[in-house]
Protein chains: 2
Amino acid sequence: MNTLSPRPVIVAKPSSASHCIECDARHRSVCNAIGERDLERLAAVANPRRLERGQVFIEEGRPAIDFFNITSGTVKLYKMLPDGRQQITGFAGSGHFLGLAVSETYAFTAEAIEPIELCRFSRPKLRTLLDDFPALEKRLLETACNELVAAQEQMLLLGRKTARERVASFLATRYSESSTCGPLSGRISLPMTRAEIADYLGLTIETVSRTLTRFKSEGKIALPSRDEVELLDPHWLLDVAAGQDSRAASFV
Amino acid sequence: MNTLSPRPVIVAKPSSASHCIECDARHRSVCNAIGERDLERLAAVANPRRLERGQVFIEEGRPAIDFFNITSGTVKLYKMLPDGRQQITGFAGSGHFLGLAVSETYAFTAEAIEPIELCRFSRPKLRTLLDDFPALEKRLLETACNELVAAQEQMLLLGRKTARERVASFLATRYSESSTCGPLSGRISLPMTRAEIADYLGLTIETVSRTLTRFKSEGKIALPSRDEVELLDPHWLLDVAAGQDSRAASFV
DNA sequence: CGGGCTCTTGATACGCCTCAATGCCCGTGG
DNA sequence: CCACGGGCATTGAGGCGTATCAAGAGCCCG
């Protein structure tokens with residue numbers, strides 16, 4: 001509904017031969033299915049690249065010839081309707097594997113929302129890698145299952161939650177995910193714009209903004225800067241996210 | 001939002017030793033990854049059952065100890081909020097594999113919406129089967145990917161489509177899926193109630209009903225009976241589903 | 001110290017939900 | 001065979017939450 005998608009081009013290309021060894025994302029990603037002594041094999045087919053904000057590297061409807069592993073930064077995945085309405089189906093960060101498609105074409109578009117680094121794998125090369133390392137295929141199945149679970153949760157959000165609950169869910173999820181890779185503070189970062197949050201939650205920019213402002217005036221969050229939120233009452237947020245808002249219905 | 005979920009119990013248990021050979025769903029399901037001569041192995045761990053409408057066989061939050069393959073009939077998969085709001089994340093028919101979970105617990109509830117037949121697999125037995133037949137694991141990954149694509153499409157529907165577009169999408173999808181397993185007529189069956197359609201599309205019963213009535217009065221569909229729809233203009237429906245409704249905006 | 005963003009805030013409109021009544025279908029029993 | 005009852009579906013009237021439209025405020029960067 002917001003933003004019109006930009007030009008699809010790939011740039012840069014740094015890194016050396018066996019870059020996989022020193023890859024930050026390795027332990028988080030499916031690549032950890034491959035032992036340290038086989039990393040050369042992996043590095044041989046992994047093609048590292050660097051992209052800037054706004055660059056599209058997977059485009060809905062285009063032939064699915066490559067697969068990607070995000071090694072740094074965040075991307076958004078989205079689908080669009082012909083009139084420009086847009087639904088972001090997820091944000092993918094470091095360690096995320098993208099482009100798994102049975103079909104001949106991609107089902108969504110992927111675009112960097114900040115400077116990112118990623119590894120590209122061509123379809124046939126990934127295929128041989130999968131054949132040689134069955135553990136990798138198992139890991140892929142695992143991550144696919146986890147994504148399915150997340151997708152179902154998001155359907156519940158989009159189909160049945162109020163704006164208030166959606167925003168609370170979004171903050172709560174960001175909170176719990178950020179806490180898995182760093183010290184647990186109430187502070188979370190939002191690398192995406194309000195428009196992107198809105199397109200992710202099935203709302204408008206204005207509603208997202210109003211809801212955040214309301215949380216702030218209720219003393220539940222603080223907004224120190226444009227892209228940071230401080231959760232002053234995480235437990236309360238979780239309740240709202242789950243539909244347990246005390247200020248909602250519940251006529252007891 | 002509608003309906004309160006019923007009691008969880010499993011009943012019946014027909015069929016003989018090597019039932020897999022004569023299973024209607026075999027060719028459609030992941031079981032087709034196993035050759036005919038190994039079907040005995042499969043049959044040994046597949047536990048067939050019969051369930052009636054309303055019976056729950058997977059319950060959100062419960063330990064994920066079994067996996068299921070639907071061999072006949074239709075089930076609904078849903079998630080619920082504590083106050084009863086419900087989102088159906090999908091309908092699964094013959095050949096559909098269910099319960100794939102990495103987590104210790106199920107992420108959704110599965111309930112028969114008509115009399116069904118299914119096969120149950122215990123987790124450890126499925127595990128050994130997967131180890132012995134890598135092709136089965138590949139098939140599972142394939143189906144998981146397909147479900148992810150469907151889930152993303154549904155997120156677009158729930159987040160950005162109007163009621164009109166949602167109902168049109170629903171009919172169009174049912175149409176194209178039914179045509180893959182039978183003669184291509186404009187007639188589709190709806191084994192689910194209006195309430196279930198509503199919970200699938202993120203709408204209310206009334207809105208679903210009104211929208212169908214409106215399509216009918218516009219001459220685009222016919223409603224010969226409660227659970228049947230005749231598509232009189234499939235192409236038009238597809239356009240509406242894709243957000244190309246001529247009667248909507250588009251101020252040209 | 002403007003220019004162009006994104007974000008916030010306000011006023012109003014509208015689509016869908018809610019509540020309520022009626023209609024239809026079908027199984028049950030007289 | 002028909003009256004009755006209970007589900008489910010349809011239809012109507014009105015309200016609410018979020019979208020839409022429109023300024024204005026804050027921020028970054030040259």
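Chain A is the first sequence line, chain B the second, and so forth, proteins listed ahead of strands; every chain is numbered from 1.
Shown here are the side-chain hydrogen bond (donor to acceptor under 3.5 Å, both in side chains) partners of B/S29, two or more places apart in sequence or in another chain: B/N69. Residues forming a side chain to side chain contact (heavy atoms under 4.5 Å, CB included) with B/S94 (at least two apart in sequence, or on another chain): B/A25, B/R28. The side chain to side chain contact (heavy atoms under 4.5 Å, CB included) test applied to A/S225 returns A/D227, A/E228, not counting sequence neighbours. Partners of B/E153 under the salt bridge (charged side-chain N to carboxylate O under 4.0 Å, His left out) rule, at least two apart in sequence or in another chain, are A/K79. Remark: B/S169 pairs with B/K161 by the side-chain hydrogen bond (donor to acceptor under 3.5 Å, both in side chains) rule, at least two apart or across chains. Legend: residues meeting side chain to side chain contact (heavy atoms under 4.5 Å, CB included) with B/D233, ordered by chain and number and at least two apart, are B/K220, B/H235, B/W236. With sequence neighbours excluded, the residues forming a ring pair (Phe, Tyr, Trp, His ring centres under 6.0 Å) with A/F170 are A/Y200, listed by chain and number.
Here the OG1-CD distance, from A/T105 to A/E60, works out to 8.5 Å after rounding to the nearest 0.5 Å. How far CD of A/Q152 is from CD of A/E147: 12.0 Å, rounded to the nearest 0.5 Å.
Residue B/I113 contributes atom CD1, which lies 13 Å from atom P of D/dC8 at whole-angstrom precision. Whole-Å rounding puts the B/I197 CD1 to D/dA9 P distance at 8 Å. Here C/dC16 presents its P atom at 13 Å from CZ of A/R160, a figure rounded to the nearest Å. Whole-Å rounding puts the A/M192 CE to C/dT6 P distance at 16 Å. Regarding A/I205, its CD1 atom lies at a distance of 13 Å from the P atom of D/dC21, rounded to whole Å. Rounded to whole Å, the distance from CZ on A/R214 to C1' on C/dT8 is 16 Å. B/E196 places its CD atom 13 Å from the C1' atom of D/dG7, with the value rounded to the nearest Å. One atom, NZ of B/K216, and another, P of D/dT10, lie 8 Å apart when rounded to the nearest Å.
Note on A/T213: every side-chain N or O is 4.0 Å or more away from OP1 and OP2 of C/dT8. Between D/dT18 and A/T204, no contact under 4.0 Å exists linking OP1 or OP2 to a side-chain N or O. Residue B/R194 places at least one side-chain N or O closer than 4.0 Å to OP1 or OP2 of D/dT10.
Nearest-nucleotide mapping onto DNA chain D: of B/R210 and B/T193, the residue sitting toward the 5' end is B/T193. Summary of the strand contacts: B/V208 and A/G202 both lie near DNA chain D, and taking for each the nucleotide with the nearest heavy atom, the more 5' one is attributed to B/V208.
Axis angle across the helix from C/dC1-D/dG30 to C/dG30-D/dC1, with five pairs used at each end and values rounded to 10°: 30°.
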Problem set entry | Footprint string (nucleotides 22-30 of chain D, 5' to 3'): B base within contact, S backbone only, - free, heavy atoms under 4.0 Å | ----BS---
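No contact: B/S225 has no heavy atom under 4.0 Å from any strand.
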